[in-house]
Amino acid sequence: MFIKIYNALIYLLYPIAIRGYINKRKEKGKEDIKRFNERIGRPKLKRPEGKLIWFHGASVGESISMLPLISKLLEAYPQAHVMVTTGTTTSAEIMAKRLPERAFHQYIPIDNPAFAKRFLKHWQPDLVLWFESELWPAMLSNIKKRNIPLILVNGRISNKSFKRWQQFDFICKELLDCFSFCLGQSEEDAYRLRVLGAKEAVCLGNLKYAGLPLPIDEKEKASLEKQIGNRPVWLFASTHNDEEAKLGRYLEEMEKSVPNILTIIAPRHPQRGTEIAQTLQDMGLKTALRSAKEKITDKTQVYIANTIGEMGLWYSLCPIVFIGGSLIPHGGQNFIEPSRMRDATLVGPYMHNFTEAMSRAKKADAIIQVNDVVELKDMVIQLMNNKEFLEAKRSLAYNWATSENKVLDGILEKVKGYIQE
């Protein structure tokens with residue numbers, strides 16, 4: 001009943017209210033104007049022949065976590081194609097660079113029953129793998145109407161979301177009933193999915209443990225290594241607003257203990273690069289901005305890597321990586337990628353988005369958690385000045401991250417059960 005009411009309201013309200021909201025997103029550059037037809041269910045690409053497996057994820061993190069499974073499925077089904085949908089322009093740019101042959105990207109339609117019907121009529125997917133915690137009623141209900149197998153992959157239900165959904169369990173049950181099967185990131189997530197109404201939910205592991213190596217432009221790497229020279233270098237990655245300022249206050253002090261140290265900052269949202277540079281310059285720090293093609297010189301103290309799709313480059317250049325979103329109550333970002341690239345990996349106190357992963361990494365002594373920016377500063381200095389300690393932490397991080405790749409095989413076998421030969 002909820003989905004019927006929702007679909008009717010969305011259909012009626014779109015011309016009145018929702019269209020205005022979408023127009024504001026266009027003005028702010030949050031919609032791809034050239035491809036906006038995809039957002040209303042009018043794709044220009046033709047459907048490829050044969051089986052089409054549709055992967056959907058909200059944004060960058062989800063779309064990157066899909067890549068190992070996409071590669072495995074295409075290897076297992078040589079005649080099949082994969083369509084990846086996301087909702088953000090940033091994820092679209094990354095997918096354009098990283099999707100393998102026989103895979104392509106489209107934008108997910110705005111959740112309107114008319115758009116969902118047009119989208120599904122055109123693409124006619126044989127299987128849908130949903131990598132997102134946001135459950136869109138119009139699209140999910142239309143997938144169910146067409147009897148297309150729909151699997152929730154890497155499902156995550158936080159404490160906050162679980163309590164909220166329990167207050168509206170009749171809505172959640174109706175939405176989860178659209179899924180043929182649910183895979184939780186953890187045993188706790190699988191349990192919560194069952195409590196909220198999933199027909200069947202199990203945990204085979206967290207797919208983010210099984211990521212593919214990040215791409216590295218070797219020519220760019222060689223150029224940057226030449227600019228950096230013999231200077232000690234570390235990375236402040238996936239940072240959010242205010243974290244850069246917190247660190248900036250201690251960089252001069254770090255330089256006294258580690259002479260000529262270079263800090264690379266790769267913000268979570270690259271468009272903040274100019275703002276970050278100004279903040280640090282106001283503190284008296286000398287910066288260089290990658291988007292402005294500024295070079296690293298002997299005087300550069302902070303290099304701001306505000307580009308998209310180059311994280312593999314920064315992880316490969318820096319033996320020490322701090323993962324942002326964790327010095328503020330955001331909940332952290334993916335710390336497994338730098339661990340997989342053999343970096344000593346540090347995080348702050350706020351890592352509630354990765355509770356299970358943190359627990360596993362701590363058991364393996366593969367992660368360093370600090371309480372604040374002062375402890376971060378001290379730990380980076382300690383790692384820089386103690387090569388044996390640094391090498392030990394790099395090895396522990398790498399060994400743990402690579403040992404987790406086995407989760408991929410279990411998920412692949414489960415998914416294959418829903419693909420008709």
Side-chain angles (χ1 to χ4, degrees), residues 59-61 90 156 158-160 208 232-258 261-285 287 289 301-306 311 314-315 317-339 341 343-362 365-384 390 393-394 397:
S59 56
V60 175
T90 301
R156 180 177 174 272
S158 66
N159 288 333
K160 186 177 179 181
K208 287 186 177 179
V233 59
W234 73 293
L235 177 66
F236 200 45
S238 299
T239 58
H240 289 250
N241 187 36
D242 196 41
E243 289 185 308
E244 302 90 2
K246 285 178 183 289
L247 176 68
R249 300 183 186 101
Y250 292 92
L251 288 181
E252 295 279 7
E253 187 177 335
M254 285 178 67
E255 195 165 2
K256 291 177 183 176
S257 298
V258 186
I261 188 173
L262 173 66
T263 298
I264 298 178
I265 295 179
R268 177 68 173 171
H269 303 290
Q271 65 270 24
R272 293 182 54 244
T274 304
E275 168 197 330
I276 295 167
Q278 189 60 58
T279 297
L280 297 177
Q281 287 166 18
D282 290 345
M283 294 179 177
L285 295 164
T287 68
L289 193 64
Q301 293 170 288
V302 183
Y303 185 62
I304 301 165
N306 61 324
M311 287 308 299
W314 314 125
Y315 289 151
L317 285 167
C318 302
I320 301 169
V321 176
F322 179 85
I323 296 297
S326 62
L327 282 176
I328 57 172
H330 175 78
Q333 300 293 160
N334 187 345
F335 66 90
I336 301 162
E337 288 178 337
S339 300
M341 294 188 73
D343 292 326
T345 307
L346 298 83
V347 295
Y350 302 104
M351 287 296 293
H352 47 269
N353 290 341
F354 295 86
T355 303
E356 192 211 10
M358 281 294 295
S359 175
R360 293 165 75 100
K362 283 181 176 179
D365 197 18
I367 191 78
I368 303 171
Q369 188 166 30
V370 297
N371 291 312
D372 52 38
V373 71
V374 175
E375 286 190 15
L376 168 60
K377 177 234 347 167
D378 292 340
M379 182 54 67
V380 172
I381 292 171
Q382 186 179 349
L383 288 163
M384 287 287 189
L390 173 59
K393 284 301 180 183
R394 293 180 73 184

Fill in the blank from the handout: Looking only at heavy atoms, the pair that brings I265 and P267 closest together is O-CD, 3.4 Å

Practice task
Taking all non-hydrogen atoms of both residues into account, name the closest pair between G332 and M351 and its distance.
Solution key: CA-SD, 3.6 Å

Exercise for the section: For the residue pair N306 and Q271, establish whether any side-chain heavy-atom pair is separated by less than 4.5 Å. Expected result: no

Practice task
First locate atom CG of D343, then atom CZ of R394, and finally report the distance between them rounded to the nearest 0.5 Å.
Solution key: 6.0 Å

Practice task
Check for a donor-acceptor pair, side chain of N334 on one end and backbone N or O of I336 on the other, with a separation under 3.5 Å.
Solution key: yes

Practice task
Check whether any side-chain heavy atom of Q281 lies under 4.5 Å from a side-chain heavy atom of Q278, and answer yes or no.
Solution key: yes

Practice task
Measure from the side-chain N and O atoms of E243 to the backbone N and O of S326, and report whether any donor-acceptor pair falls under 3.5 Å.
Solution key: yes

Practice task
Would you check if R156 and N353 make a side-chain contact, meaning some heavy-atom pair closer than 4.5 Å?
Solution key: yes

Exercise for the section: Considering non-hydrogen atoms only, spot the tightest contact between A237 and V321 and give its length. Expected result: CB-CG1, 4.1 Å

Practice task
Could you tell me whether the side chain of S359 and the main chain of T355 form a donor-acceptor pair under 3.5 Å?
Solution key: no

Fill in the blank from the handout: Between the OH atom in Y303 and the OG1 atom in T287, the distance rounded to the nearest 0.5 Å is 11.0 Å

Problem - Separation of K377 NZ from E253 CD (nearest 0.5 Å) - result: 3.5 Å

Fill in the blank from the handout: Here the ring pair (Phe, Tyr, Trp, His ring centres under 6.0 Å) pairs for residues 235-258, sequence neighbours left out, are W234-F236, F236-F322, H240-H269, H240-H330

Handout entry: Separation between CE of M379 and CD1 of I320, rounded to the nearest 0.5 Å
Key = 10.0 Å

Completion exercise
Residues passing the side chain to side chain contact (heavy atoms under 4.5 Å, CB included) test with D365, sequence neighbours excluded, are K393, L396

Practice task
Indicate yes or no: at least one non-hydrogen side-chain atom of V302 is less than 4.5 angstrom from one of I276.
Solution key: no

Practice task
Identify the heavy atoms of G331 and F354 that sit nearest to each other, and give their distance.
Solution key: O-CD1, 3.8 Å

Exercise for the section: Would you give the length of the straight line joining atom CD of E255 to atom CD1 of I381, rounded to the nearest 0.5 angstrom? Expected result: 11.0 Å

Practice task
Measure the shortest side-chain to side-chain distance between M384 and M254 over non-hydrogen atoms and say whether it is less than 4.5 angstrom.
Solution key: no

Practice task
Verify side chain to side chain contact (heavy atoms under 4.5 Å, CB included) between E252 and L285, making sure each step is shown before the conclusion.
Solution key: CA-CA 8 Å; E252 295 279 7; L285 295 164; 3.9 Å; yes

Exercise for the section: Output, in order, the C-alpha distance, side-chain angles, deciding distance and verdict of side chain to side chain contact (heavy atoms under 4.5 Å, CB included) for V233 and L317. Expected result: CA-CA 8 Å; V233 59; L317 285 167; 5.5 Å; no

Completion exercise
Shortest non-hydrogen pair, L262 vs Q301, comes out as CD1-O, 3.7 Å

Problem - Validation row: E244, T279 side chains within 4.5 angstrom (heavy atoms) - result: no

Exercise for the section: Could you check if a side-chain atom of M283 sits within less than 4.5 angstrom of a side-chain atom of L251, using non-hydrogen atoms only? Expected result: no

Practice task
State the OH-CD1 distance between Y350 and I328, to the nearest 0.5 angstrom.
Solution key: 9.5 Å

Handout entry: Nearest heavy-atom neighbours spanning M311 and L235
Key = CE-CD2, 4.3 Å

Practice task
Evaluate the criterion side chain to side chain contact (heavy atoms under 4.5 Å, CB included) for residue pair T263 and V380; output intermediate values, then yes/no.
Solution key: CA-CA 11 Å; T263 298; V380 172; over 6 Å; no

Problem - Pair L247-L327, side chain to side chain contact (heavy atoms under 4.5 Å, CB included): steps then yes or no - result: CA-CA 10 Å; L247 176 68; L327 282 176; 5.8 Å; no

